[in-house]
Amino acid sequence: MATEKARTAEISEIKNKIKRNALYKKEKIRKAKEKRQRKLKRKREETQDQEEPPPKQVPKTLENTRVFDETVVEVHDEEALIDEEADEFAAYFRREVTPKVLITSSDRSKVKTVQFMKELQKIIPNSEVRLRKGLDLKKIIPQAKEKGFTAMVVVNEDRKLPNGIVITHLPNGPTAHFKLTSVKLGKEIKNHGRTTNHRPELILNNFGTRLGRSVARLLASLFPHDPQFQGRQCVTFHNQRDFIFFRQHRYIFKNHKKTGLQELGPRFTLKLRSLQRGTFDSKFGEYEWIHKRKEMDTSRKKFFL
């Protein structure tokens, strides 16, 4: 490794750009050749000794070298399950509540935001889109409770584009604020399919910490139980390095071995900014968790969800 670094350093000191680039290419080809040879050597060793093959090398990634987090819990952790039996989402998971979602936006929202809200309405069964029309959120929340809504989704925008989502679980919270990026509407996705009114299947992937489980339960509470499998629609929230990637697909079984996927859209990415107890209250709300970049983003291997 030290020799390779020294060789790279020597090449970087060459002033002639053409010669330097040519040597870089040669060095790259040499490294690739050595890598292929190492693989072939491993394969030969495996075939020679079938009883005890050498252990397969697992490449290091940010995920499998993440900083230890004591809040990571197993799927069936007893303590976490006991706490969740008494949290704000318990009634939903006991199937005592049917989700009913109000989707609104920042005041005087523009075209792209309205289009995104309408796509959210197609994704989330039993949801309604209502424009703000100058009303304060603190006034909307009591009205939403009276009309039986179990959650409110607020799409914020900046420079005429959606850039944030606030999800408030009703009637007692919590409230999550997400940064919204990489929004792509269904019509903008090549070869996209059309959504139907079937209740989709829901996949929540890789939410491993206490905070992650709370966020996953909040997202799950937007969707009704008992998906209609005949619609073959699947909604996925996949957490990777604290970025939550949203995708919606329709699947088809081509045969007993192959499955085909068609993306329906939209696509977007969420990044948790805060989790607040109770319903939305920007001034006096009590926060369970706030993302503080300077204090928290000290290592690329540290994740919170």
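Just so you know, residue 1 is the first one in the sequence shown, and it goes up from there.
With a 4.5 Å cut-off on side-chain heavy atoms, N197 and Q228 do not count as touching. R38 places a side-chain heavy atom less than 4.5 Å from the side chain of E34. In this structure the side chain of E288 never reaches within 4.5 angstrom of the side chain of L211, judged on heavy atoms. In this structure, the side chains of V215 and N239 stay at 4.5 Å or more apart for every pair of heavy atoms. Between L218 and F89, some side-chain heavy-atom pair lies under the 4.5 Å cut-off. Between R267 and S182, every side-chain heavy-atom pair lies at or beyond the 4.5 Å cut-off.
Atom-to-atom distance recorded for I123:CD1 and Q248:CD is 5.5 Å, nearest 0.5 angstrom. The CD1 atom of I203 lies 4.0 Å from the OG1 atom of T236; values are rounded to the nearest 0.5 Å. Considering CG of L272 and CD1 of I167, their distance stands at 10.0 Å, rounded to 0.5 Å. Note: T279 OG1 to K145 NZ = 5.0 Å, rounded to the nearest 0.5 Å. L270 CG to T181 OG1: the interatomic distance, rounded to the nearest 0.5 Å, is 7.5 Å. Of the inter-residue distances, the one linking K110 atom NZ with L161 atom CG reads 11.0 Å to the nearest 0.5 angstrom.
The neighbour count for K26 NZ, taken as heavy atoms of other residues, nucleotides or ligands under 6.0 Å away, does not exceed 12. Remark: E74 CD is loosely packed, at most 12 non-hydrogen atoms of other residues, nucleotides or ligands lying under 6.0 Å away. Within a 6.0 Å sphere centred on CG of L40, other residues, nucleotides and ligands contribute more than 12 heavy atoms. At most 12 non-hydrogen atoms from other residues, nucleotides or ligands lie less than 6.0 angstrom from CD of E78. More than 12 heavy atoms of other residues, nucleotides or ligands sit less than 6.0 Å from atom CG of D136. Crowding of K122 atom NZ: a count of heavy atoms from other residues, nucleotides or ligands under 6.0 Å not exceeding 12. Residue-environment remark: CZ (R94) exceeds the threshold of 12 foreign heavy atoms within 6.0 Å. Environment of NZ in K41: sparse, with no more than 12 heavy atoms of neighbouring residues, nucleotides or ligands closer than 6.0 Å.
Under the side-chain contact (heavy atoms from CB on, under 4.5 Å) rule, E263 has a single partner from R247, H192, R250, which is R247.
The minimum heavy-atom distance linking D83 with R210 is given by the pair OD2-NH1, 3.1 Å. The two residues R213 and L81 come nearest to each other via the heavy atoms NH2-CD2, 3.8 Å. Between R217 and D87, the closest heavy-atom pair is NE-OD2, 2.9 Å. Heavy atoms only, all atoms of each residue included: P125 and P200 are closest at CG-CD, 3.6 Å. Nearest heavy atoms, P162 versus K112: CD-CG, 3.8 Å. Among all heavy-atom pairs drawn from M117 and S105, the shortest one is SD-CB, 3.3 Å.
Checking side-chain atoms of T150 against main-chain N and O of K100 turns up a donor-acceptor pair under 3.5 Å. Panel note: side chain T175, backbone Q276; no donor-acceptor pair is recorded below 3.5 Å. Judged purely by atom type and a 3.5 angstrom limit, Y92 uses its side chain to pair as donor or acceptor with the backbone of F223. Between the side chain of D242 and the backbone N or O of F303, no donor-acceptor pair lies under 3.5 Å. Not a single donor-acceptor pair under 3.5 Å links the side chain of E119 to the backbone N or O of L185. Looking only at distances, no side-chain donor or acceptor of T168 sits under 3.5 Å from a matching main-chain atom of M152.
Ring pair W289/H291 is parallel by interplanar angle, where below 30° counts as parallel and above 60° as perpendicular. Classification of the F268-F246 ring pair by plane angle, with boundaries at 30° and 60°, yields parallel.
A salt bridge does not link R132 to E157: none of the charged side-chain nitrogens sits closer than 4.0 Å to a carboxylate oxygen. R30 has a carboxylate O that lies under 4.0 Å from a charged side-chain N of E27, or vice versa, which qualifies the two as a salt bridge. We find that R277 and E88 are not joined by a salt bridge, their nearest charged nitrogen and carboxylate oxygen being 4.0 Å or further apart.
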L170 vs L102, side-chain contact (heavy atoms from CB on, under 4.5 Å): CA-CA, chis, key distance, verdict: CA-CA 10 Å; L170 301 176; L102 172 64; over 6 Å; no
Hey, mind stepping through T113 and S109 against side chain to side chain donor-acceptor pair (under 3.5 Å) and telling me if it holds? CA-CA 6 Å; T113 303; S109 51; 5.8 Å; no
Under the side chain to side chain donor-acceptor pair (under 3.5 Å) rule, what do T196 and H198 come out as? Steps first, then yes or no, please. CA-CA 6 Å; T196 63; H198 296 92; 2.7 Å; yes
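The ring of F280 has its center no closer than 6.0 angstrom to the ring center of H177.
Both I165 and L131 sit in one connected hydrophobic cluster of ILVMFWY residues. Membership requires side-chain heavy atoms under 4.5 Å apart, directly or through other members. In the hydrophobic clustering of ILVMFWY residues, with side-chain heavy atoms under 4.5 Å counting as a link, F237 and L180 come out together. In terms of hydrophobic clustering, with Ile, Leu, Val, Met, Phe, Trp and Tyr side chains grouped at heavy-atom distances under 4.5 Å, V183 and F243 are assigned to different clusters. One hydrophobic cluster, built from ILVMFWY side chains closer than 4.5 Å, holds both V154 and F149. Criterion: ILVMFWY side-chain heavy atoms under 4.5 Å apart, direct or through other members. Under it, L120 and I140 are not part of a common hydrophobic cluster.
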